[in-house]
Amino acid sequence: RNGLDLAMFEGILATGEKILANPSIRAVVLSGEGPAFCAGLDVKAFFSMGDAGQRRLLERPAGTPANVAQRVAWIWREIPVPVIAAVHGSCFGGGLQIALGADLRYVHPEAQLSVMEAKWGLVPDMSLSKTLLDLMPLDVAKELTFTARIVDGKEALSLGLATCVTADPLGDAQRAAEAIVLRSPDAIRAAKHLFDRAGELSIAEAFLLETRLQVDLLGGSNNMEAVQANLMNREPVFVDPE
């Protein structure tokens with residue numbers, strides 16, 4: 001069920017780094033092979049990996065606020081293009097924290113989601129203190145964390161954990177990604193940056209950021225291509241960011 005052992009941490013992080021380095025990628029879909037998105041930390045593997053493996057997860061690479069374990073979830077926020085998580089089956093603990101790092105979550109109605117760390121005598125430590133509180137009130141986040149209870153897709157939607165509930169989360173996530181890539185990659189990247197930054201800015205700072213991003217887009221090749229394509233009722237052909 002895609003439990004998180006050291007190899008899984010390293011593999012997910014390496015994939016995120018490759019995406020970061022590839023400006024031609026315009027959208028990302030995260031999904032889990034098999035019966036689950038991710039059942040969370042492989043507890044037995046964690047306690048058997050030894051001091052060296054545990055220290056590796058606590059390393060904090062340059063250029064990011066996150067240690068290795070946190071960045072497996074947080075790197076999807078660092079990636080400048082939209083990231084969509086397609087969630088089915090179990091999505092527990094670290095698996096939920098990975099899904100919360102995505103911009104959108106398409107969730108199966110029978111999926112099971114849980115902030116499960118308290119069940120194991122642990123605290124969520126893979127960036128949930130930022131991602132979960134972006135989605136819901138503090139008291140709701142505390143209730144989910146203190147109880148470690150499991151919610152299905154319908155309740156996840158009502159709580160803000162899910163963007164939408166669908167019987168085909170992977171298919172709908174891929175269709176959403178296909179719709180995104182029809183838009184200017186410059187505009188999409190700017191919009192993600194704007195929304196991710198706005199919450200930490202004052203009103204004046206957020207408005208200045210809106211203006212700066214818009215000025216940077218206006219008159220650019222992809223902006224003009226979008227205008228011309230709309231006026232001529234044709235599909236645009238955009239240039240990848242440098």
Side-chain angles (χ1 to χ4, degrees), residues 1-33 36-43 45-87 90-105 113-118 120 122-135 141 144-145 161 163 173 177 188-189 192-200 241:
R1 298 188 301 163
N2 300 315
L4 296 169
D5 57 14
L6 185 58
M8 184 72 83
F9 277 109
E10 297 280 15
I12 294 171
L13 193 55
T15 300
E17 293 282 6
K18 288 180 182 178
I19 294 169
L20 267 172
N22 188 342
S24 70
I25 292 175
R26 299 186 185 180
V28 178
V29 175
L30 292 176
S31 64
E33 291 261 342
F37 178 78
C38 175
L41 182 68
D42 185 331
V43 176
F46 176 79
F47 284 107
S48 66
M49 71 174 58
D51 290 344
Q54 294 177 19
R55 284 198 302 272
R56 166 60 180 151
L57 295 180
L58 297 178
E59 291 177 6
R60 201 170 300 275
T64 175
N67 64 31
V68 168
Q70 291 162 338
R71 198 161 185 242
V72 167
W74 189 252
I75 196 168
W76 312 110
R77 296 293 181 97
E78 296 178 345
I79 287 170
V81 301
V83 179
I84 308 169
V87 178
S90 302
C91 184
F92 297 156
L96 178 59
Q97 292 182 83
I98 291 171
L100 293 177
D103 300 289
L104 308 173
R105 279 158 297 285
L113 297 82
S114 175
V115 185
M116 192 166 275
E117 283 78 7
W120 297 95
L122 300 171
V123 64
D125 67 340
M126 289 172 55
S127 77
L128 182 134
S129 57
K130 293 298 293 183
T131 57
L132 188 65
L133 295 181
D134 284 347
L135 300 173
L144 290 173
T145 303
L161 292 173
T163 305
I188 295 299
R189 287 166 176 251
K192 176 166 177 173
H193 178 69
L194 174 63
F195 287 136
D196 285 351
R197 286 291 315 282
E200 64 194 42

Using 0.5 Å steps for rounding, measure from the [atom1] atom of [X] to the [atom2] atom of [Y].
X: Arg189; Y: Ile79; atom1: CZ; atom2: CD1; answer: 10.0 Å
X: Asp196; Y: Asp134; atom1: CG; atom2: CG; answer: 8.0 Å
X: Thr131; Y: Gln70; atom1: OG1; atom2: CD; answer: 10.5 Å
X: Asp42; Y: Asp5; atom1: CG; atom2: CG; answer: 5.5 Å

[X] and [Y]: which non-hydrogen atoms are nearest, and at how many Å?
X: Ile75; Y: Val72; answer: CG2-O, 4.1 Å
X: Asn67; Y: Ala69; answer: OD1-N, 3.1 Å
X: Ala27; Y: Ala177; answer: CB-CB, 3.9 Å
X: Leu133; Y: Ala141; answer: CD2-CB, 3.7 Å
X: Ile25; Y: Val81; answer: O-CG1, 3.4 Å
X: Pro124; Y: Val115; answer: CG-CG1, 4.1 Å

request  = Go through the steps for Phe37 and Asn2 under the test side chain to side chain contact (heavy atoms under 4.5 Å, CB included), then give the verdict.
outcome  = CA-CA 7 Å; Phe37 178 78; Asn2 300 315; over 6 Å; no
inquiry  = Working note: Asp103 + Trp76, criterion side chain to side chain contact (heavy atoms under 4.5 Å, CB included); need CA distance, chi angles, decisive distance, verdict.
reply    = CA-CA 8 Å; Asp103 300 289; Trp76 312 110; over 6 Å; no
Treating [X] as the side-chain partner and [Y] as the backbone partner, does any N or O pair qualify as donor plus acceptor under 3.5 Å?
X: Arg105; Y: Val87; value: no
X: Thr64; Y: Ala66; value: yes
X: Gln97; Y: Met126; value: yes

ask   = Do Glu117 and Leu128 touch side chain to side chain, with heavy atoms closer than 4.5 Å?
value = no
inquiry  = Can you confirm whether Leu144 sits close enough to Ser114 that some side-chain heavy atom of one is under 4.5 Å from a side-chain heavy atom of the other?
reply    = no
inquiry  = Around atom NZ of Lys192, are there more than 12 heavy atoms from other residues, nucleotides or ligands closer than 6.0 Å?
reply    =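 Correct, the count exceeds 12.
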query = Taking everything shown except Glu33 itself, do over 12 heavy atoms lie less than 6.0 Å from its CD?
reply =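 Result for CD/Glu33: open.
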N/O donor-acceptor pairs under 3.5 Å from side chains in residues 46-56, not counting sequence neighbours:
from, atom 1, to, atom 2, distance (Å)
Ser48, OG, Lys44, O, 3.0
Ser48, OG, Ala45, O, 3.0
Gln54, NE2, Phe46, O, 3.3
Arg56, NE, Glu10, OE2, 2.8
Arg56, NH1, Glu59, OE1, 2.7
Arg56, NH2, Glu10, OE1, 3.0

ask   = For Ile12 and Leu4, what are the C-alpha separation, side-chain angles and deciding distance, and is it a side chain to side chain contact (heavy atoms under 4.5 Å, CB included)?
value = CA-CA 10 Å; Ile12 294 171; Leu4 296 169; 4.0 Å; yes
ask   = Is any side-chain N of the basic residue among Glu17 and Arg71 closer than 4.0 Å to the acidic one's carboxylate O?
value = yes
task = Would you please test Arg26 and Ile188 for side chain to side chain contact (heavy atoms under 4.5 Å, CB included) and show each step?
result = CA-CA 8 Å; Arg26 299 186 185 180; Ile188 295 299; over 6 Å; no
